[in-house]
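Below, chain A is the first sequence line, B the second, and so on; all start at residue 1. This one's a predicted model, so the numbers in the text were calculated from it and none came from an experiment.
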Amino acid sequence: MFDRDRWQEIWSVLKKNKFRTLLTAFGVFWGIFMLIIMVGSGKGLQNGAMEGMGNFATNSVFMWTQRTTMPYKGLPRNRRWTYTNEDIPVLRENIPELKYLAPRLQGGGYRSGDNVVRGDKSGAFNVYGDYPQWNKIDPVRILAGRFLNEIDIDESRKVAAIGTQVRDVLFKNGEDPIGQYIRIQGLYFKVVGVFEPINSNINFGGDKVRSIHIPFSTMQRAYNYGNNVGWFAMTAKDQYKAELIERKAMQILKKRHDVAPEDDQAVGHFNIGTEFDKMKGLFNGIKGLIWIVGIGTLLAGVIGISNIMLIIVKERTKEIGIQRAIGAPPKTVITQIISESVFLTTLAGYFGLVAGVFIIEMLATGMQQSSGSDNMFRNPEVDFTVAISALGVLIISGILAGILPARRAVKVKPIDALRYE
Amino acid sequence: MIDLSNIHKSYITGTNRLHVLKGIDLHVKKGELVSIMGSSGSGKSTLLNIIGILDIHDEGDYRLNGQLIHNINETKAAALRNKFIGFVFQSFNLISFKTALENVALPLYYQGVSRKKRNRMAAEYLDKMGLLDWSDHMPNELSGGQKQRLAIARAMIHQPKVILADEPTGALDSQTSYEMMDLLQAINREGITIIIVTHERDIAERTNRIIRLRDGNIGDDHQNGIKKETTGVFNRP
Ligand SMILES: Nc1ncnc2c1ncn2[C@@H]1O[C@H](COP(=O)(O)OP(=O)(O)OP(=O)(O)O)[C@@H](O)[C@H]1O
Ligand SMILES: [Mg+2]
């Protein structure tokens, strides 16, 4: 393969037609360049979308109540109903596939002006009553202190974990919020933790940086929710689909609250898993499209190479005839021509690859410098396997491009080749 | 060395069929120096190409060094050519992008001889042809005579049993032609069989045996009292 005579021959042939060689090589260069750019950008788009929900427990379901639409067991339609604390153990016991269950309440008040006050500072924030499990379903990054824990729930402590923007509004720059008190709708809560969101692309009702989490039990008692549960968030164990727990939970809850089993309107629900799958499907579709278009472009380039190899072989008919007359076996001639084709394809493709990766890297660094946290296009990248498989595709296409011209070269009788003018 | 019996060859162009060789019987022994003459289009080149396994006869038996040439594939033919035959062409047929040395070394390359060894041998043969100083020159930098000497070196390097030369002097002036014949005669004296196709009577006169083709048959085949050599060009300093 790597013998000097062969390379010398490849080189002299390609050199003889510099311009034509260059043009042909450009086809392959462009093909692989476009492929890399598209794959990299597709990946960037996907990263942007996926990173905003990267840590979210994706096989999660949310469930709230809506008015009934059917009469049932003597109860009228259009009835309001709510989940209650008693539902919690029943769900836990009857759905073994459940990994996390987080009953939630959302406090009111923030719509009607500033609901949270500290000294002379105040702001309007979302207040949630939560179980510690919530932080497993939609994890946050704790910057100081801690999130809520079981003891907070058991003792209905008046403690709060606050988002970064809450901290920025209520506290002076550099002031340590941990252990300080804030007043939420008239009641004092001790700040036990400050967090920043990780999954910034998934929000419920409000920006997470402007959220305050207090213990679920505290919220029920302090703000007169009785034993009402606003909604349930639940996650299935890893090996189960979210639809399964979704279906089971709906069945149990309807039964417990005398809602007609076929009344689908009465339970509002949202399945992150399905949304996530749709998104994944979309990106896989984009990826597939990119490869189809990319390979198509590349193929056009390869056909160009095959074409030029045919012309080269035709021009060299006599010279190949001489070589065969003095003893070059067909195998040598064939490998020679295929090597030329592979050389041309791979060299051009390699430059395309390098140029493509270079552009993608430039984009990536440019993006890092101007980073906003919720970019829809993030970290475009070309992974090593893509580059390697692209090179593999190139070498194979080079061989394919060379086969036809090589066969053409040995098909003529040596004497006819020698006579060729 | 070369045994032809009842060799036929026709060319088919479109609907026409041109019967060029009509049953040639020819035996050339090892070490002979033979010339083939005949009018243009009489089939001299066709015959030589069949002997050189560059082309295939339609009918009859051809034995090269005792081996029947029949139904052989191109790989085998290439190997046989490489082993037994050296070619010298009227138009030299040198490879334009290779240096003189590389051109001469080429047959050895196809035999898989190492680069070092084949370059050493090529230099030796170039030296015999008085072309050592031109080793690194490209063929287009050489004169016609030099080119043909280069071609002879290439035809010799793999030590073939037979050298086939199709009008080797056709493109050379008479002085150079004689030098070429001196060379071929010298090579022949080393025991190598040589067949030369030529139009020129004085070239044929310098071979031991003259064969005339006429109408696709051998019209005349006679031994020839060889003329003297001019000078010892071969092995000159
Ligand atoms: N490949 C071919 N296809 C068709 N006809 C051919 C082919 N090669 C040779 N011929 C014909 O066969 C005949 C013999 O050709 P050949 O080349 O053997 O003649 P030649 O004796 O060498 O002539 P010259 O002295 O002019 O070289 C000619 O009439 C020629 O036109
Ligand atoms: Mg001829």
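- Residue-environment remark: CZ (A:F283) exceeds the threshold of 12 foreign heavy atoms within 6.0 Å.
- Scanning all heavy atoms of the two residues, the minimum distance from A:A328 to B:A78 falls at O-CB, 3.7 Å.
- Interface remark: B:N49 contributes side-chain atoms only to the contact with chain A (heavy atom separation under 4.5 Å).
- Counting heavy-atom neighbours within 6.0 Å of B:D215 CG, excluding the residue itself, gives a total of 12 or less.
- Here A:T332 contributes atom OG1 and B:Y109 contributes atom OH; the two are 6.5 Å apart, rounded to the nearest 0.5 Å.
- More than 12 heavy atoms of other residues, nucleotides or ligands shown are found within 6.0 angstrom of CZ on A:F343.
- Heavy atoms of B:S91 lying under 4.5 Å from chain A belong exclusively to its side chain.
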Test side chain to side chain contact (heavy atoms under 4.5 Å, CB included) applied to B:E74 and A:K413, step by step
CA-CA 9 Å; B:E74 188 35 49; A:K413 276 191 293 180; over 6 Å; no
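- Atoms OH and NZ, on B:Y110 and A:K331 in that order, are 13.0 Å from each other to the nearest 0.5 Å.
- Contact annotation for B:Q111: neither backbone nor side-chain heavy atoms come within less than 4.5 Å of a heavy atom of chain A.
- Checked against A:I415 for a side chain to side chain contact (heavy atoms under 4.5 Å, CB included), the options B:L54, B:I50, B:I56 give a single hit: B:L54.
- Only the side chain of A:R419 has a heavy atom closer than 4.5 Å to any heavy atom of chain B.
- The CZ atom of A:R316 lies 8.5 Å from the CD1 atom of B:I95; values are rounded to the nearest 0.5 Å.
- Interface check for chain A: of the options B:R154, B:K76, B:R81, the most heavy-atom pairs under 4.5 Å are formed by B:R81.
- Annotation: B:K22, atom NZ; neighbour count of heavy atoms from other residues, nucleotides and ligands within 6.0 Å is above 12.
- Remark: B:K161 NZ is loosely packed, at most 12 non-hydrogen atoms of other residues, nucleotides or ligands lying under 6.0 Å away.
- Interface remark: A:I326 contributes backbone and side-chain atoms alike to the contact with chain B (heavy atom separation under 4.5 Å).
- For the atom pair CZ of A:R324 and OG1 of B:T75, the computed distance is 9.0 Å after rounding to the nearest 0.5 Å.
- Under a cut-off of 6.0 angstrom, the local environment of CH2 in A:W291 is crowded, with over 12 non-hydrogen atoms contributed by other residues, nucleotides or ligands.
- The environment of A:F358 atom CZ is sparse: at most 12 non-hydrogen atoms of other residues, nucleotides or ligands sit within 6.0 angstrom.
- Between B:F87 and A:I322 there is no side-chain heavy-atom pair separated by less than 4.5 Å.
- By the 6.0 Å contact criterion, NE2 on B:H70 is open, its count of non-hydrogen atoms from other residues, nucleotides or ligands being 12 or less.
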